[in-house]
Amino acid sequence: MDYLSGGGLATARISDLAMSPPQNGTMLCAPLVAESVEEMLHQIKAAKASGADVVELRVDYINSFQPGVDLPRLIEGRVLPVIITYRPNWEGGLYEGDEAARVAALSLAIELQADFIDVELQVAEDFIASQSSKRSSSSTRIIVSNHNYHTTPSSEEIGRLVARMQATGADIIKFVTTANNVVDSANVFRVLAHTQLSLKVPTIALVMGQKGLISRLLSPKFGGFLTFGTLSSGKESAPGQPTLTDLVRTYRLREMDCDTRVYGIIGNPVGHSKGPYLHNPAFEAIGYNAVYLPFLVDNLAEFLSVYSAPDFGGFSVTIPFKEDALKCCDEVESSAKAIGAVNTIIRRADGKFVGYNTDCEAAISAIEDGVRESGYHGSQPLSGKLCVVIGAGGAGKALAFGAKHRGARVVIANRNFERAKVLAESVGAEAISLETLSSFQPETGMILANSTSVGMQPNVQDTPIPKAALKGYSVVFDAVYTPLETRLLREAKESGAVVVSGLEMFIRQAIGQFELFTGQPAPKSVMREIVAKMAP
Ligand code: NAP
């Protein structure tokens, strides 16, 4: 059984305090870490307004917490189901006091009919045995938890841990590990799917840290009992928790089920990627059951071998993996091969990974539209034109290859002249130095494409070419799109050229990827609207 392709759903029950039961059975839980009871009561209301189904009250965060006084206020004043967690120091919490007093507080929470209490595995067996008389008259459900702050053990080891947790008499089990690698979440997904399909025990299974984010975002797909979302960033109770808003709006966890297909961007770093904010609403717009995640990857080959199940449908690829992706794919489309970079990987129905490059067509078609805007009416806007590409990195290769392919005469200028020469030779172009570029004006009506990072924020005063040298160009493109209008584009406009923004390349490469992912036309106007709102 391939657990990574999804599993049964958690048999999550929620208290009648919940507004509306989540369709997929996975509850969204806001961890609350306020320092006073008043603030925590206020945060419970805020969590409800933000769409939480349940709140975890980390009472170990409350200053001078007095269980006899504070627990009744918190439990009786709640507007959402509550989990009472009084985490001791020895399990990563803030409580440093007497263990008997802590256990007495948890026992009181049962008497007060808290919806859930969290008890650490180390003390769970004795605690649960001591509560047998109280539990018969209480609706409180006991979560037995275990936290590993260093690593994620193998699925087999976690499986043994789960058996121990289940043996305590837990109503719900919770195991939390730490991600040192994005593939660690796969161990947890396997066990989570198993606990749902075979053991039928409600399970919270999460992996802490940035590399474990996908365990939180895919919890409903694998049947997790709940996943945590904070009220705002900075309010985390454990590393790597996303916000409730991200869970509900960006990743649409409410709509996720075991059939949800998984896509995402592979990169390192990847946290800044705008991909999730563009692809997720686009999936929604065409009614495609899929989610797009950030994958913080260390080793691309390992990532693809672990997340190879059919439900993992495809990936965008960014720095530093575009060249690695070429080697990791089973097949590479011819233009991606010629460019030497893959920015999109699709998992075909036969399980093979196929590499594509949507950067090239995106940039070239945007430049062609610029040429049309400058007055050209034929069908081959670049044919016979002199196209100067500044840069010989990934974007430079795509531009040089694409322009040559469309019939342009290509000249490449790069800071590292040797690199310019190698690229020029491979595409059949001419190489010039950056110094030569300043006086390079062999004809008028030329096209200029900057593919270096020069002029990108924060260095917005920089430009790859002096303004005086722009006279010969009728169309100027800049791959940089932060800021939207770079100094190069501003000066090119002042010199009378038609300018094409890097944002146009960004949107077009994303549209290309979306269509490869889904096999359907992209909702272009929706995507353009989103990108326009994101524009820096
Ligand atoms: P890359 O492979 O690292 O290549 C960087 C290029 O910039 C190289 O040619 C490098 O020259 C040149 N360069 C860097 N700093 C320079 C400086 N101070 N002076 C002169 N040249 C300099 O990066 P890439 O993937 O091609 O990306 C390049 C730019 O394109 C980035 O700003 C990226 O954000 C942008 N981009 C935009 C899109 C889009 O959708 N709009 C897509 C892809 C990339 P050397 O060879 O001499 O080092």
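Numbering of ligands and ligand atoms starts at 1, following listing order.
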Over 60° means perpendicular and under 30° means parallel, so classify the ring planes of [Y] and [X], tilted if in between.
X    : Y    : answer
F189 : F222 : parallel
Y149 : H147 : parallel
F283 : Y292 : tilted

For ligand 1, does [X] get within less than 4.0 Å through its side chain, its backbone, both, or neither, judged by non-hydrogen atoms?
X    : result
V480 : side chain
M456 : side chain
R419 : side chain
N414 : side chain

Does the side chain of [X] pick up a donor-acceptor pair with the side chain of [Y] at under 3.5 Å?
X    : Y    : answer
N187 : T152 : no
T230 : E236 : no
E491 : S495 : no
N148 : T177 : no

Quick test: of every protein heavy atom, which one is nearest to [atom], and how far off is it to 0.1 Å?
atom                    : value
atom 14 (C) of ligand 1 : S453 OG, 3.5 Å
atom 42 (C) of ligand 1 : M505 CE, 3.4 Å
atom 2 (O) of ligand 1  : G394 N, 2.9 Å
atom 30 (O) of ligand 1 : A479 CB, 3.7 Å
atom 17 (C) of ligand 1 : R415 NH1, 3.2 Å

For [X], the ligand 1 atoms whose distance to one of its heavy atoms is below 4.0 Å:
X    : result
Y481 : 39 (C), 41 (N)
G391 : 9 (O)
T452 : 7 (O), 12 (C), 13 (N), 21 (N), 29 (C), 32 (O)
G502 : 39 (C), 41 (N)

Stepwise side-chain hydrogen bond (donor to acceptor under 3.5 Å, both in side chains) check, S308 with S305: CA-CA 6 Å; S308 61; S305 73; over 6 Å; no
Any protein heavy atom under 4.0 Å from [atom]?
atom                    : result
atom 19 (N) of ligand 1 : yes
atom 5 (C) of ligand 1  : no
atom 33 (C) of ligand 1 : no

I'd like to check whether [X] has a polar contact with ligand 1, where a contact means an N/O of the residue lying under 3.5 Å from an N/O of the ligand.
X    : answer
D359 : no
V454 : no
L503 : no

Heavy-atom nearest option to atom 29 (C) of ligand 1, drawn from A366, A395, S451: S451
